Amino acid sequence: MMTVISRNPHLRQDFAASLVVFLVALPLCVGVAVASGVPAELGLVTGIVGGIVTGLMRGSSLQVSGPAAGLTVLVFEAVQEFGLPALGVIVLATGVLQILMGTLKLGRYFRAISVSVVEGMLAGIGLVLIAGQLYSMADAKAPASGLAKIAELPGALFDAVGKTDALASLLLGAGTIAVLVLWKRMPKQVRTVPGPLAAVGLATAAAVVFSLPVATVEVQGLLGSIQPPPLSAFGDLASIGLLGTIVAFTLIASAESLFSAAAVDRLHDGPRTEYDRELVAQGAGNALCGVLGALPMTAVIVRSAANVQAGARTKASRVMHGVWLLLFAALLPNVLGYIPIPALAGILVYSGAKLIPVREIVSLWREHRGESLILVVTAVSIVAVSMFEGVLIGLALAVVKTAWEASHIKLEVVDKGAGPVQAYLSGNATFLRLPKILDSLEALPQDRPVELDLSGLHHLDHACRTALENWAERHSAVGTEPVRVTAQ
């Protein structure tokens, strides 16, 4: 034992941290799986792979991977549309693409994605997740579309109040949320138990003691739930819809993991994340999850923050947390059968609320209204249309905004009352600002000669050059001296 400790002087801290992360991850793994419409054990499989396989690889030493609430909506939609066997194909293809991108050194470029798009994506996911899980709390079936989930939610909650079983389910879920909200105010000794575990434990105890008529997790057993995708499922790769889903999984899982890595780096002063290696590690984990027919994984900020705050010093803590999940799934799977569904729904409602960056939206509105608009439009698009299209809309808006800002142009007019009017153009003259340029130039006196100085332009595109030449011809057509142009 002393030899092991001497090889890893931080083993004691990592061991203690691994237990904390295990207790945080356990209810989240199960909750994400149930909300995704797959067997609960598949969430544990992804957590095990994220801990042991991805955890052993290089990249970000302290962040922890597993099934993420941020992908719940996308996984649920994929399972509903393509079936559970196709999920393994999607996750496997996602992993292969991530490995390829990491090998090609593309991981660092994910940091160039607009933060507003990422936060808008998470906010949209959070809204759909909250709405969907409130139906689970109320023991009701959620509508298919995001807008319908939100529009019909008040009626579903009102109906639940009038039914004994639904009311018990709703109250148990609400109680779970209340425990999570109030847990931070508990004495320090009590808070040694992670909030999610305490909330699920109390809800489970209440359901058993009072014999509450609520739905509980269905248990299939670890080996029984693992279903590698059949060869026939790979034929679906010819489907445009499936390929679009794979692209969405890849972009969202990669962005969430790498943004999480950046956030975790700010929490500790240890080794910094190697983004390309981390992307390869995430890809390897997802490829194995796909082979096992499990959920996709990302780095999860909740578990990662718990890992750092619990005193973890090396990647040993996340690997050991995967071992604890494996032992639980192998030795105590029947315990899952006692966990109430509304309690897991309550945890995901709370997690969904934390995905909505309310403070960031307010801050952005004060300082960068264009960025706040991108965030809100991305979130609303995800709710109104779908995850993939919503992210594409957000990215398109970010590109348009950047192009618009990059085309800043300034026109300075000097009119001394006699002689030619001097006009100085500086900045970037692109077609986006062409109407503004022409309006300003056409407002110059028609009966005066003009000297147009273009030497201050950094860029003059073809559309602007042609438009300036045509304006110069029109200005000179009424007998005025020809416009003198000083070129770039």
Side-chain angles (χ1 to χ4, degrees), residues 10 14 17-18 20-21 24-25 28 32 46-47 49-71 91 94-95 97-122 125 249-289 295-322 351 354-355 357 360 391:
H10 305 300
D14 289 336
S18 72
V20 172
V21 178
V24 171
L28 291 175
V32 169
T46 299
V49 173
I52 298 176
V53 177
T54 303
L56 283 170
M57 300 181 71
R58 295 177 63 183
S60 177
S61 60
L62 295 183
Q63 79 171 353
V64 184
S65 300
L71 285 176
V91 178
T94 296
L97 286 177
Q98 286 180 311
I99 293 172
L100 181 62
M101 290 191 299
T103 304
L104 295 175
K105 309 294 185 184
L106 300 179
R108 69 196 71 177
Y109 293 105
F110 275 87
R111 291 180 290 175
I113 297 177
S114 169
V115 175
S116 297
V117 174
V118 175
E119 290 183 340
M121 174 190 77
L122 295 176
I125 292 169
F249 269 67
T250 304
L251 292 178
I252 294 170
S254 302
E256 190 169 342
S257 293
L258 298 182
F259 272 89
S260 172
V264 173
D265 280 351
R266 292 194 290 269
L267 297 177
H268 68 91
D269 55 4
R272 303 294 91 180
T273 296
E274 299 176 63
Y275 286 90
D276 296 318
R277 290 183 183 274
E278 178 62 20
L279 195 55
V280 171
Q282 293 293 325
N286 272 320
L288 181 54
C289 286
L295 291 171
M297 75 166 60
T298 72
V300 185
I301 188 61
V302 174
R303 287 166 230 178
S304 303
N307 190 37
V308 175
Q309 292 162 3
R313 303 296 295 275
T314 72
K315 61 184 179 183
S317 62
R318 62 186 190 183
V319 175
M320 285 189 284
H321 119 276
S351 299
K354 295 183 74 173
L355 291 176
E360 286 77 3
V391 172

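Predicted model, so just to flag it, every value in this text is computed and none were measured.
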*Nearest 0.5 Å please: distance from the OG atom of Ser61 over to the CG atom of Asp265.*
8.0 Å
*How long is the span from the CG atom in Leu71 to the CD1 atom in Ile125, to the nearest 0.5 Å?*
6.5 Å
_Can you list everything that forms a side chain to side chain contact (heavy atoms under 4.5 Å, CB included) with Val308? Sequence neighbours excluded, please._
Leu62, Val264, Leu267, His268
_Listed partners of Ser317 passing side chain to side chain donor-acceptor pair (under 3.5 Å), at least two apart_ = Asn307
_Atom pair CD/CG of Glu256 and Leu251 - distance to nearest 0.5 Å_ = 12.5 Å
_Exercise: identify the closest heavy-atom pair between Arg303 and Pro67_ = NH2-O, 2.7 Å
*Compare every heavy atom of Asp276 with every heavy atom of Gly107, then report the nearest pair and how far apart it is.*
N-OD1, 2.7 Å
*Please assess Gln63 against Ser260 for the test side chain to side chain donor-acceptor pair (under 3.5 Å), listing each intermediate value before the final yes or no.*
CA-CA 8 Å; Gln63 79 171 353; Ser260 172; 3.1 Å; yes
*Distance-only, no hydrogens or angles: does the Thr46 side chain make a donor-acceptor pair with backbone N or O of Leu295 under 3.5 Å?*
yes
*Could you give the distance from OG (Ser116) to CE (Met121), rounded to the nearest 0.5 Å?*
12.5 Å
_Test of understanding: with side chain to side chain donor-acceptor pair (under 3.5 Å), list the residues that count as partners of Ser18, not counting sequence neighbours._
Trp324
*asked:* The criterion is side chain to side chain donor-acceptor pair (under 3.5 Å); which residues satisfy it with Thr250, sequence neighbours excluded?
replied: none
*Quick one: does Arg318's side chain have a donor or acceptor within less than 3.5 Å of a partner on Gly55's backbone?*
yes
*Mind running side chain to side chain contact (heavy atoms under 4.5 Å, CB included) on Thr103 and Val280 for me, showing each step along the way?*
CA-CA 7 Å; Thr103 304; Val280 171; 4.3 Å; yes
*So, for Ala68 and Thr298, which heavy atoms are closest and what is the spacing to 0.1 Å?*
CB-OG1, 3.1 Å
*Output the distance between atom NZ (Lys315) and atom CG (Leu56), rounded to the nearest 0.5 Å.*
6.5 Å
*Test side chain to side chain donor-acceptor pair (under 3.5 Å) applied to Gln98 - qualifying residues, sequence neighbours left out*: Ser254, Asn286
*Any idea which heavy atoms bring Ala261 and Thr273 closest together, and the distance?*
CB-OG1, 3.6 Å
_Residue pair Ala316 / Asp14: nearest heavy atoms and the distance that separates them_ = CB-OD2, 3.8 Å
*Might you point out which heavy atoms bring Met57 and Ala284 nearest each other, and give the distance in Å?*
SD-CB, 3.6 Å
*Can you name the residues that form a side chain to side chain contact (heavy atoms under 4.5 Å, CB included) with Ser65, not counting sequence neighbours?*
Thr54, Gln282, Met297, Ala299
*asked:* Measuring only between side-chain heavy atoms, which start at C-beta, is Thr94 closer than 4.5 Å to Pro296?
replied: no
